[in-house]
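Worksheet for the structure shown next.
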Number of protein chains: 2
Amino acid sequence: MELTPRVTIRDVAQRAGVSVATVSKVINGRYGVSAATAAHVQAVIRQVGYEASLVAQSLRNHRTNVIGILVADLEPFSTELLKGAADGIRDSGFELVVYSAGGRATDHEGWERRYLSRLSGTLIDGAILVTPTVVDVSHGSPVVAVDPHAGSTELPTVDSDNLKGARLAVEYLLGLGHRRIAMLTGRPDLQSVQLREDGYRQAMAAAGIPVTEDLVRVGGFEADQAARAARELLTAEDPPTAVFAANDVSAIVTVTAAAQLGLRVPADLSVVGFDNVPESVLCVPPLTTVEQPIHEMGRLATRMLIKLIRGEPVDRPHVTLDTKLIVRQSSAAPPARSN
Amino acid sequence: MELTPRVTIRDVAQRAGVSVATVSKVINGRYGVSAATAAHVQAVIRQVGYEASLVAQSLRNHRTNVIGILVADLEPFSTELLKGAADGIRDSGFELVVYSAGGRATDHEGWERRYLSRLSGTLIDGAILVTPTVVDVSHGSPVVAVDPHAGSTELPTVDSDNLKGARLAVEYLLGLGHRRIAMLTGRPDLQSVQLREDGYRQAMAAAGIPVTEDLVRVGGFEADQAARAARELLTAEDPPTAVFAANDVSAIVTVTAAAQLGLRVPADLSVVGFDNVPESVLCVPPLTTVEQPIHEMGRLATRMLIKLIRGEPVDRPHVTLDTKLIVRQSSAAPPARSN
DNA sequence: ATGAAAGCGCTAACAC
DNA sequence: GTGTTAGCGCTTTCAT
């Protein structure tokens, strides 16, 4: 497969009959090269289709005009965020590179630290960390976190009002008449997940309904685990009439699990998700969910990062965007009591 | 912002009181290091949180275990493909890096050649080109194209049956009774777009309906341009009763344009898209569209690429997946003639 | 078992 | 105006 071994700056220099330094100067538009030589070198470059190696370049320079986005996996939430980031970067002169840890459970914890170590200082001028597990990173280049790990952080951060969103969802279910409302939580290390659970507990407490521990299960944001947890919830002794899932993927999985158990959604079971990813509408029935402005979060995070890279001041280092409830067809009043 | 300047192999060596060569050997598990030194070096590495620079490493080595996916922009189609690619890569030992050209219109043409030149041989072991404009790339590393530029290519390719899909869509509209069916085409350089237009023309011809050139407009897959083209179509002398758009984004834009012009979809105008990206269901009304198995295309492309990188044989170098029509609510019989 | 040194492709001082 | 040289962080002979 190694057909063309790669044309280097040396090849160009040789072919043009000049030194590599001259070629480099031409490439970078530096002074100190005659118009004639420059033109000639340009011609040769075009002829052989030469492009400087990003790797070699960024080993030398320390500015690359590339922004890295580090995601644990490419799933609906993160890809939605990418679209926003792509927006935020338009006409900024920066390019976007996305690194996916590939969702591998092993060596998951701390992936962002490893990637950052491997990349920063070279290859990227700054990074956006999406749902990072670790935030005490103090590397060479600026970093912005989106929906980070629990605990306060020094890092500039973009997130959304998870507490409010969760409360809205549960209050809505309570308003429909539900009393046995279960929660399927997500990755326990994320602050957002903690807040969503807090919102659930607060809303339940405000309604005077005790949350017994059999009502809360960890789905981990991951399809298999969430499916198992959902089945546990739905086949329990005294099953819930509604499930609030910590994200849309878990909610969709819950709807599927319900169908497999012969439960009709929303007649027998109401399900509410969180995120409002495009997939939530593909769900049958379309999912009632809490919207967080994922696209905007991605856009804001890149704008912040670009400011940081340029050394400009950032107005607010921690931005929290609003959430709101989107009612669709996966929720309804609970079934009439048979007992 | 340059807090910690980056800890290099030299720092580790110094701190451990050994040479860089020894540290390198420890990192890469090479022979020729006493157990004691190895352990000590490991300890220091952990202590200072050292991670080898990907850039420096790949400048030396030529194997990186990283696959690059090159996309023109991060929009619904490409992000959907990324999810599939992420699937295809699981448990393969490879990592995924996505490069987005950022959708910049300038220097758009040929971006894939430039990126490939800048990256291959270093940093990535192979690449997936998504909707590339150029396919005569013969670089060091293996390449797989997804939905490439027009014209046959030597490159291993994954695409879908665009001709059939388009015919299905237009035949469906004809079956509903539509006669004035317009087409909003996409990026003219893509073979898939050409085939979708061919399908449209074939179906129209088979029904004995001439396609006058005022019925065909170029939307370019890009929201602004598509909106303009859609308005042109809908405000023409003798406007169409149905629009077949070459992708979902253009179709959604058409629905919006129709609404702004006071046209009801589907009562006054039917719209059919292509792709079946998740966003097509978010459209109001939900979009009738042609499904291509984007996720699977991404998965297949990565599997193919991994085989190529490993030097294994690839059964079929050109895979074409099936397409099918998904009927939703943006299409209906044409309005009764008023004249 | 360990280290010195060369070199991957490139850029930036500093000669000439 | 142009070339020589050093060095970015790393791996790999090849001495020792």
Side-chain angles (χ1 to χ4, degrees), chain A residues 2 4-41 44-45 48 50-66 117-125 139-141, chain B residues 2 4-41 45 48 50-65 117-125 139-141:
Chain A
E2 292 288 327
T4 321
R6 185 179 213 330
V7 31
T8 77
I9 197 172
R10 188 120 95 237
D11 303 331
V12 175
Q14 258 168 17
R15 222 174 137 137
V18 296
S19 75
V20 283
T22 303
V23 177
S24 173
K25 281 173 196 158
V26 171
I27 292 167
N28 298 287
R30 296 278 176 280
Y31 293 106
V33 56
S34 80
T37 355
H40 178 223
V41 170
V44 173
I45 286 177
V48 300
Y50 169 76
E51 284 286 340
S53 155
L54 184 61
V55 164
Q57 256 183 343
S58 67
L59 190 58
R60 270 294 332 205
N61 299 343
H62 275 196
R63 184 63 181 261
T64 58
N65 284 322
V66 173
S117 291
R118 286 179 65 98
L119 300 171
S120 85
T122 48
L123 206 51
I124 57 175
D125 295 341
H139 282 281
S141 32
Chain B
E2 292 288 327
T4 322
R6 185 181 214 328
V7 31
T8 76
I9 196 172
R10 188 121 96 236
D11 303 329
V12 175
Q14 257 168 17
R15 220 174 140 138
V18 295
S19 74
V20 284
T22 303
V23 176
S24 173
K25 282 171 194 158
V26 171
I27 292 166
N28 298 287
R30 297 278 175 278
Y31 293 106
V33 177
S34 79
T37 348
H40 178 223
V41 170
I45 286 177
V48 300
Y50 169 77
E51 283 286 340
S53 155
L54 185 61
V55 164
Q57 254 181 346
S58 66
L59 190 58
R60 276 281 342 197
N61 300 342
H62 276 198
R63 183 63 181 261
T64 58
N65 285 321
S117 290
R118 298 195 60 158
L119 299 172
S120 84
T122 48
L123 207 52
I124 57 174
D125 295 342
H139 282 280
S141 32

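Model, not experiment: these values are computed from the prediction. Proteins get letters first, then strands, A, B, ... in listed order; numbering begins at 1 in each.
- Residue B/Leu123 comes nearest to B/Thr64 through the heavy atom pair O-OG1, 3.1 Å, listed as atom of the first residue, atom of the second, then distance.
- For the helix from C/dA1-D/dT16 to C/dC16-D/dG1, the angle separating the two terminal helix axes comes to 50°, with each axis derived from five pairs and the value rounded to 10°.
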What donor-acceptor contacts under 3.5 angstrom involve side-chain atoms of residues 51-59 of chain A, with partners at least two apart or in another chain?
residue	atom	partner	partner atom	Å
A/Ser53	OG	A/Val55	N	3.3
A/Ser53	OG	A/Ala56	N	3.1
A/Gln57	OE1	B/Arg118	NH2	2.6
A/Ser58	OG	A/Leu54	O	3.1
A/Ser58	OG	A/Val55	O	3.4

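- Across residues 23-40 of chain B, B/Ser24, B/Asn28, B/Arg30 each have a non-hydrogen atom less than 4.0 Å from an atom of DNA chain D (numbered order).
- To the nearest angstrom, C1' of D/dC10 lies 11 Å from CZ of A/Arg118.
- For A/Val20, the side chain to side chain contact (heavy atoms under 4.5 Å, CB included) partners two or more places apart in sequence, or in a different chain, are A/Ile9, A/Arg10, A/Ala13.
- Within the 4.0 angstrom heavy-atom criterion, only backbone atoms of the sugar-phosphate kind lie near B/Val18; the bases stay farther away.
- For the pair B/Gln57 CD and D/dC8 C1', the computed distance is 15 Å after rounding to whole Å.
- Sorted by first then second residue, the salt bridge (Lys or Arg N to Asp or Glu O under 4.0 Å) pairs that include residues 56-65 of chain A, not counting sequence neighbours, are A/Arg63-A/Asp125.
- The distance from atom CG of B/Asn61 to atom C1' of C/dC8 is 10 Å, rounded to the nearest whole Å.
- One can place CG of A/Leu123 at 14 Å from P of D/dG9, the figure rounded to the nearest angstrom.
- When rounded to the nearest whole Å, the span between CZ of B/Arg63 and C1' of D/dT11 equals 17 Å.
- Between B/Val18 and B/Val41 the shortest side-chain heavy-atom distance falls below 4.5 Å.
- Applying the 4.0 Å criterion to OP1 and OP2 of D/dT2, one finds that A/Thr22 has every side-chain N and O outside that range.
- Remark: B/Thr37 engages B/Ser34 in a side chain to side chain donor-acceptor pair (under 3.5 Å) (not counting sequence neighbours).
- Judged as a side chain to side chain contact (heavy atoms under 4.5 Å, CB included), and not counting sequence neighbours, the contacts of B/Ala38 are B/Val26, B/Val33.
- Residues satisfying the side chain to side chain contact (heavy atoms under 4.5 Å, CB included) criterion with B/His62, sequence neighbours excluded, are absent altogether.
- Note that CD1 of A/Ile124 and CG of A/Asn65 are 13.0 Å apart. Values are rounded to the nearest 0.5 Å.
- Applying the salt bridge (Lys or Arg N to Asp or Glu O under 4.0 Å) test to residues at least two apart or on different chains, none of the pairs has a partner in residues 30-40 of chain B.
- The side chain of A/Ser19 sits closest to D/dG3 out of C/dC10, D/dT11, D/dG3.
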Protein-nucleotides 5-7 of chain D N/O pairs under 3.5 Å:
residue	atom	partner	partner atom	Å
D/dG7	N2	A/Arg60	NE	3.1
D/dG7	N2	A/Arg60	NH1	2.5
D/dG7	N3	A/Arg60	NH1	3.1

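- The minimum heavy-atom distance linking B/Tyr50 with B/Thr8 is given by the pair CE1-C, 3.5 Å.
- Regarding B/Leu59, its CG atom lies at a distance of 13 Å from the C1' atom of C/dA6, rounded to whole Å.
- The OH atom of A/Tyr50 sits 10 Å away from the C1' atom of C/dT11 (whole-angstrom rounding).
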